[in-house]
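Notes to accompany the following structure.
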2 protein chains.
Amino acid sequence: MTNEDEVRWLDADQQDIWRSYLEGTARFVEALESIHAAELPLSLGEYGLLVKLSEQPDRTLRMSALADGLVVSRSRLSHTVARMEERGLVYRCAASGDRRGVNCRLTDAGYAALVDAAPGHVRAVRRLMVDVLEPEEFEVLGRVMAKVAAAGRAATEATGTPKGRTDC
Amino acid sequence: MTNEDEVRWLDADQQDIWRSYLEGTARFVEALESIHAAELPLSLGEYGLLVKLSEQPDRTLRMSALADGLVVSRSRLSHTVARMEERGLVYRCAASGDRRGVNCRLTDAGYAALVDAAPGHVRAVRRLMVDVLEPEEFEVLGRVMAKVAAAGRAATEATGTPKGRTDC
DNA sequence: GTCGTGTAGTTGATGGCTCAACTACCTTCC
DNA sequence: GGAAGGTAGTTGAGCCATCAACTACACGAC
């Protein structure tokens with residue numbers, strides 16, 4: 001399984017690309033998170049959570065769906081939502097139908113924070129990514145990362161315990 | 001500054017691309033980290049650190065250079081290296097020339113761990129990214145992320161306190 | 001020389017994340 | 001109907017990252 005003879009190493013060009021990817025993602029999130037921390041009322045993670053909620057019909061989503069959508073563990077989401085609930089950004093209530101379920105709902109204050117943060121967020125995303133690329137480059141990036149997302153999803157479902165799953 | 005009239009929002013296509021990017025990076029690191037945790041003797045972060053060291057002439061690098069190369073704060077690197085030092089993977093010693101400086105050096109055990117982890121790491125990177133893309137797609141990804149890296153670097157240097165800097 | 005400022009790195013307190021364990025509920029099957 | 005196993009979500013302990021403060025050294029100006 002760890003037999004070295006079978007390994008197809010990356011050639012020099014592939015290594016360069018790989019390192020560009022690693023550095024690019026690292027610098028990008030570093031810059032975006034620091035803009036959120038310095039100028040906006042929500043961290044990048046909180047912003048993403050509120051965006052997801054705001055897109056739902058009743059600004060409401062099941063905890064599990066939210067965790068899957070944000071690609072975080074259920075445990076982490078529980079803790080995060082608990083903190084955001086204390087700040088009045090969201091609140092939890094029982095889900096109808098399945099008595100195990102819990103809904104997470106965006107409050108008016110949460111929506112207001114989202115509206116407040118959105119312009120700065122979009123400006124930052126443009127400055128750090130969208131506007132530094134040619135339109136075609138940006139499009140390819142989207143196609144490419146959709147493929148990568150699918151591969152990751154497949155790998156996570158197939159083998160290891162995804163995130164915070166007790167089953168298997 | 002947060003005047004909404006001036007904001008150039010993303011159109012529907014751009015939003016799709018942006019979300020593909022977010023989900024792709026999230027699922028990718030999730031899968032890669034879980035492979036490291038389950039099958040390899042080093043976490044993804046530790047692996048990256050040892051790779052950087054192994055590329056240096058004497059398998060040695062200044063702490064500050066290491067922090068910059070890995071895009072992490074000096075504080076975080078200090079803690080991480082302290083833990084890895086306890087495991088015998090690296091060790092620190094005074095740098096020559098500048099008496100403030102500290103060198104981080106790869107031990108034989110650290111190199112052995114790297115050699116041990118490398119095949120599984122490369123296999124995972126291929127399965128999760130390189131091999132799911134057309135060669136041209138992968139090349140574009142490299143070009144694109146190099147641009148993004150540059151933009152992030154510029155933003156971080158220009159404005160906010162980068163990571164763990166006390167100056168400014 | 002020493003004052004001021006900048007750089008290198010560490011440290012400890014705080015807060016968030018992870019992991020495993022747990023409750024509670026649903027579903028299936030006999 | 002009840003036993004077994006799956007799903008939904010939470011909790012607390014321990015680990016890791018972050019932040020601000022700190023030591024120590026370097027360098028330039030006067």
Side-chain angles (χ1 to χ4, degrees), chain A residues 26 29-30 33-34 36-38 42-46 48-49 60-87 90-105 156-157 160-168, chain B residues 26 29-30 33-34 36-38 42-46 48-49 60-87 90-105 156-157 160-168:
Chain A
V29 301
E30 180 192 19
E33 279 179 345
S34 102
H36 270 263
L42 299 167
S43 75
L44 181 57
E46 292 163 349
L49 195 155
T60 302
L61 206 53
R62 282 285 288 270
M63 289 293 281
S64 51
L66 198 46
D68 289 354
L70 297 171
V71 195
V72 301
S73 70
R74 286 154 196 246
S75 168
R76 176 168 167 180
L77 183 65
S78 265
H79 288 296
T80 304
V81 166
R83 286 188 299 266
M84 294 177 75
E85 200 170 21
E86 292 212 350
R87 289 167 54 196
V90 299
Y91 72 90
R92 281 177 285 192
C93 53
S96 59
D98 189 334
R99 275 191 302 169
R100 295 167 302 180
V102 172
N103 278 335
C104 185
R105 192 175 207 287
T156 302
E157 277 165 15
T161 299
K163 279 212 162 184
R165 295 274 178 80
T166 315
D167 57 301
C168 244
Chain B
V29 301
E30 179 192 19
E33 279 180 346
S34 102
H36 270 263
L42 299 167
S43 76
L44 181 58
E46 292 163 349
L49 193 155
T60 302
L61 205 53
R62 282 286 288 272
M63 290 292 281
S64 52
L66 198 47
D68 288 353
L70 297 171
V71 195
V72 301
S73 71
R74 287 153 195 244
S75 168
R76 176 167 167 181
L77 183 65
S78 265
H79 289 296
T80 304
V81 166
R83 287 188 298 265
M84 295 177 75
E85 200 170 22
E86 291 212 352
R87 288 166 55 195
V90 299
Y91 72 91
R92 281 176 286 191
C93 52
S96 60
D98 190 333
R99 275 190 299 170
R100 294 167 303 179
V102 172
N103 278 335
C104 185
R105 193 176 206 287
T156 302
E157 276 165 17
T161 299
K163 279 213 162 185
R165 296 273 178 80
T166 315
D167 57 302
C168 246

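Proteins come first, then strands; the chains are lettered A, B, ... in the order of their sequence lines, and each starts at number 1. Computed over heavy atoms, backbone and side chain alike; hydrogens, waters and symmetry mates excluded.
Between the P atom of C:dA24 and the CE atom of A:M63 lies a distance of 18 Å, rounded to the nearest Å. Atom CD in A:E46 sits about 15 Å away from atom P in C:dG15, given to the nearest Å. Look at CD on B:E85: it is 13 Å from C1' on C:dG9, rounded to the nearest Å. In this structure, A:R76 atom CZ and D:dA13 atom P are separated by 21 Å, rounded to whole Å. Rounded to whole Å, atom C1' of C:dA8 lies 14 Å from atom CG of B:L61. As a whole-Å value, the separation of B:D98 CG from D:dA26 P is 6 Å. Counting to the nearest Å, the P atom of D:dA17 and the CD atom of B:E33 are 10 Å from each other. In this structure, CD of B:E30 is placed 15 Å from C1' of C:dC19, rounded to the nearest angstrom.
Here the rule is side-chain contact (heavy atoms from CB on, under 4.5 Å) with B:L49, and of B:L44, B:L61, B:V81 only B:V81 fits it.
The shortest distance between the side-chain N/O atoms of A:R92 and the OP1/OP2 oxygens of D:dG9 is not below 4.0 Å. OP1 or OP2 of C:dG9 lies within a sub-4.0 Å distance of a side-chain N or O belonging to B:R62. Side-chain N/O atoms of A:R83 include one lying less than 4.0 angstrom from OP1 or OP2 on C:dC17. At C:dC26, one or more side-chain N or O atoms of A:R99 fall inside 4.0 Å of OP1 or OP2 (strictly under the cut-off).
Side-chain N/O atoms of B:S64 and base N/O atoms of C:dT7 include no donor-acceptor pair closer than 3.5 Å. For D:dG12, the base has a donor-acceptor partner in the side chain of A:H79 [N/O atoms by modelled type, under 3.5 angstrom]. Put simply, the side chain of A:S75 and the base of D:dT11 share a donor and an acceptor less than 3.5 Å apart.
Sequence order on DNA chain C of the closest nucleotides to B:S78 and B:R100 puts B:R100 first from the 5' end. Between B:A37 and B:A95, it is B:A95 whose nearest contact on DNA chain C lies nearer the 5' terminus.
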- Task: For salt bridge (charged side-chain N to carboxylate O under 4.0 Å, His left out), just list the numbers for B:E85 and B:R105, CA-CA rounded to whole Å, side-chain angles, deciding distance to a tenth of an Å, and then say yes or no.
- Result: CA-CA 10 Å; B:E85 200 170 22; B:R105 193 176 206 287; over 6 Å; no

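When each of D:dA26, D:dT10, C:dA13 is scored by its nearest atom to the side-chain atoms of A:R74, the top-ranked nucleotide is D:dT10.
With rounding to the nearest 0.5 angstrom, the CD atom of A:E86 is 9.5 Å from the CZ atom of A:R83. Taking CD of A:E33 as the reference point, atom OG1 of B:T156 lies at 11.0 Å (rounded to 0.5 Å).
Between B:S78 and B:M63, the shortest heavy-atom distance links the atoms CA-CE, 4.1 Å.
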